[in-house]
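Heads up: the structure comes next, in structure tokens.
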Amino acid sequence: MARQKSRSFAVIGLGTFGTTVASELARFGNHVLGIDTVDRNVSRVADTLAEAVIADGRDEQALREAGVGNYDVAVIAIGEELEASILCTMNAKLLGVPTIWVKAMSRTHHRILTKLGADRVIQPEQEIGRHIAQMLHNPLVRDYVSLGNGFHVVDFRVPGSLEGKRVDGLGLRDKFELRALGLMRGSEFLSCDSGALELKADDKLLLLGRRENLRRFADGL
């Protein structure tokens, strides 16, 4: 498999969220510039990122001198300060950054950033909160990914009550409007295409469907 081409990212705001994003992007082999107004925050990532500079995202000239306009993506991670976040987003747009992701802290903040042209607005606390609530609500749900338009892929732990049952005997398609994408048994991936596969306790069944149908299936066990 060909290695995915690396991209360049400017991460503005090096608090916990920004530092985590920047460090992970760098670990994946991307060129990452970290920017913050606090010397301590910049020093913390200096050995991890390709570049780390002290600058104020509210200052267009400072971002221009840091070369932000030459980056593929700007990640603005200063959601706690509404004015700074808005000004930084505007500056990134003025500098011509092709893609801009911004952290928001409220619905109003989200709406403003969207109108300013941010390509993606993230509310980490809400997104993680929903994720955790789903897993706490039903311990059989190990993890899930939202695909948009109401569809999710769920990593569903098979309980002992389903031991020995065939995938096509669960009524996934007819009763719940769900699709089995496959099954992980240990480190082995097994196809569910034929429906004849027999389940074992603690298998990981990957299910695709709408949230309400996935919940109906999980809650019925």
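Hydrogens, waters and symmetry mates play no part in the numbers below; they use all other heavy atoms, side chains included.
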Would a single hydrophobic cluster contain both Leu190 and Val154, if residues Ile, Leu, Val, Met, Phe, Trp and Tyr are joined by side-chain heavy-atom contacts under 4.5 Å? yes
Hey, any chance Leu14 and Leu87 share a hydrophobic cluster, counting ILVMFWY side chains that come within less than 4.5 Å of each other, even indirectly? no
Hey, could you give me each pair passing ring pair (Phe, Tyr, Trp, His ring centres under 6.0 Å) that has a residue in residues 159-205? Not counting sequence neighbours. Phe176-Phe217
Check for me, please, whether Ile54 and Leu49 land in the same ILVMFWY cluster - side-chain distances under 4.5 Å, paths through other members count. yes
Does a side-chain heavy-atom distance below 4.5 Å link Val11 with Leu33? no
Looking at Thr19, is its backbone amide N or carbonyl O close enough to the side chain of Ser23 to form a donor-acceptor pair, meaning the two atoms are under 3.5 Å apart? yes
Please round to the nearest 0.5 Å and tell me the distance separating atom CG of Leu170 and atom CG of Leu207. 8.5 Å
Under a 4.5 Å cut-off applied to non-hydrogen side-chain atoms, are Val102 and Ile122 in contact? no
Which is it for Tyr71 and His31 under the side-chain contact (heavy atoms from CB on, under 4.5 Å) test, yes or no, and what are the steps along the way? CA-CA 9 Å; Tyr71 282 77; His31 182 100; 3.3 Å; yes
To the nearest 0.5 Å, what is the distance between NZ (Lys204) and CG (Leu206)? 9.0 Å
Test item: Asp36 side-chain N/O and Val38 main-chain N/O as donor-acceptor pair under 3.5 Å: yes
With a 4.5 Å limit on heavy-atom distance, are the side chains of Leu116 and Ile86 in contact? yes
Around atom CE of Met90, are there more than 12 heavy atoms from other residues, nucleotides or ligands closer than 6.0 Å? no
For Gly18 and Ala77, which heavy atoms make the closest approach, and how far apart are they? CA-CB, 3.7 Å
At what distance, to the nearest 0.5 angstrom, does NZ of Lys165 lie from CG of Leu197? 15.0 Å
Taking all non-hydrogen atoms of both residues into account, name the closest pair between Ala180 and Leu172 and its distance. CB-CD1, 3.9 Å
Within the side chain of Arg216, is there an N or O that forms a donor-acceptor pair under 3.5 Å with the backbone of Lys175? yes
Considering all heavy atoms of both residues, which atom of Val167 and which atom of Cys192 are nearest to each other, and what is their separation? CG2-SG, 4.1 Å
Once you round to the nearest 0.5 Å, how far does NE2 of His152 lie from CG of Leu214? 8.0 Å
Main-chain N/O of Ser8 paired to Asp72 side chain as donor or acceptor, under 3.5 Å: yes
Strictly distance-based, threshold 3.5 Å: is any side-chain N or O of Gln123 a donor or acceptor partner for the main-chain N or O of Ala104? no
Pick from Ile12, Asp59, Asp56: which one makes a side-chain contact (heavy atoms from CB on, under 4.5 Å) with Thr37? Asp56
For Leu208 and Leu147: C-alpha separation, side-chain torsions, deciding distance, then whether side-chain contact (heavy atoms from CB on, under 4.5 Å) applies. CA-CA 9 Å; Leu208 168 66; Leu147 302 180; 3.6 Å; yes
Side-chain heavy-atom pair Cys88, Arg58 within 4.5 angstrom cut-off: no
Rounded to the nearest 0.5 Å, what separation is found between the CG atom of Leu178 and the CG atom of Asn213? 5.5 Å
More than 12 heavy atoms from other groups under 6.0 Å of CD on Gln61: yes
One thing to verify: whether Glu24 and Arg27 come together as a salt bridge, which I'm taking to mean a side-chain N less than 4.0 angstrom from a carboxylate O. yes
Side-chain heavy-atom pair Ile35, Val68 within 4.5 angstrom cut-off: yes
Can you tell me if His109 uses its side chain to pair, donor with acceptor, with the backbone of Met105 under 3.5 Å? yes
Minimum heavy-atom separation for Ala26 to Val32, with atom names? N-CG2, 3.7 Å
Would you check if Val73 and Arg7 make a side-chain contact, meaning some heavy-atom pair closer than 4.5 Å? yes
How close do Gly13 and Ile78 get, heavy atom to heavy atom, and via which atoms? CA-CG2, 3.4 Å
With a 4.5 Å cut-off on side-chain heavy-atom distances among I, L, V, M, F, W and Y, is there a chain of contacts connecting Phe9 to Val121? no
Arg142 side chain near Phe156 side chain, heavy-atom distance below 4.5 Å: no
Would you say CD of Glu177 has more than 12 non-hydrogen atoms from neighbouring residues, nucleotides or ligands within 6.0 angstrom? no
Going from CD1 on Ile76 to CG on Leu113, what distance comes out if it is rounded to the nearest 0.5 angstrom? 8.0 Å
Please check if Leu63 and Val97 belong to a single hydrophobic cluster, counting links between Ile, Leu, Val, Met, Phe, Trp and Tyr side chain heavy atoms closer than 4.5 Å. yes
Closest approach of Val158 to Leu205 (non-hydrogen atoms, all atoms of both residues): CG2-CB, 4.1 Å
Is the closest side-chain donor-acceptor distance between Thr99 and Asp119 under 3.5 Å? no
Counting C-beta onward and ignoring hydrogens, is there a side-chain heavy-atom pair between Leu183 and Arg185 closer than 4.5 Å? yes
Under 4.0 Å between a side-chain nitrogen and a carboxylate oxygen: does that hold for Glu60 and Arg64? yes
Would you say CD of Glu163 has more than 12 non-hydrogen atoms from neighbouring residues, nucleotides or ligands within 6.0 angstrom? yes
Got a donor-acceptor contact below 3.5 angstrom from the Asp203 side chain to the Leu199 backbone? no
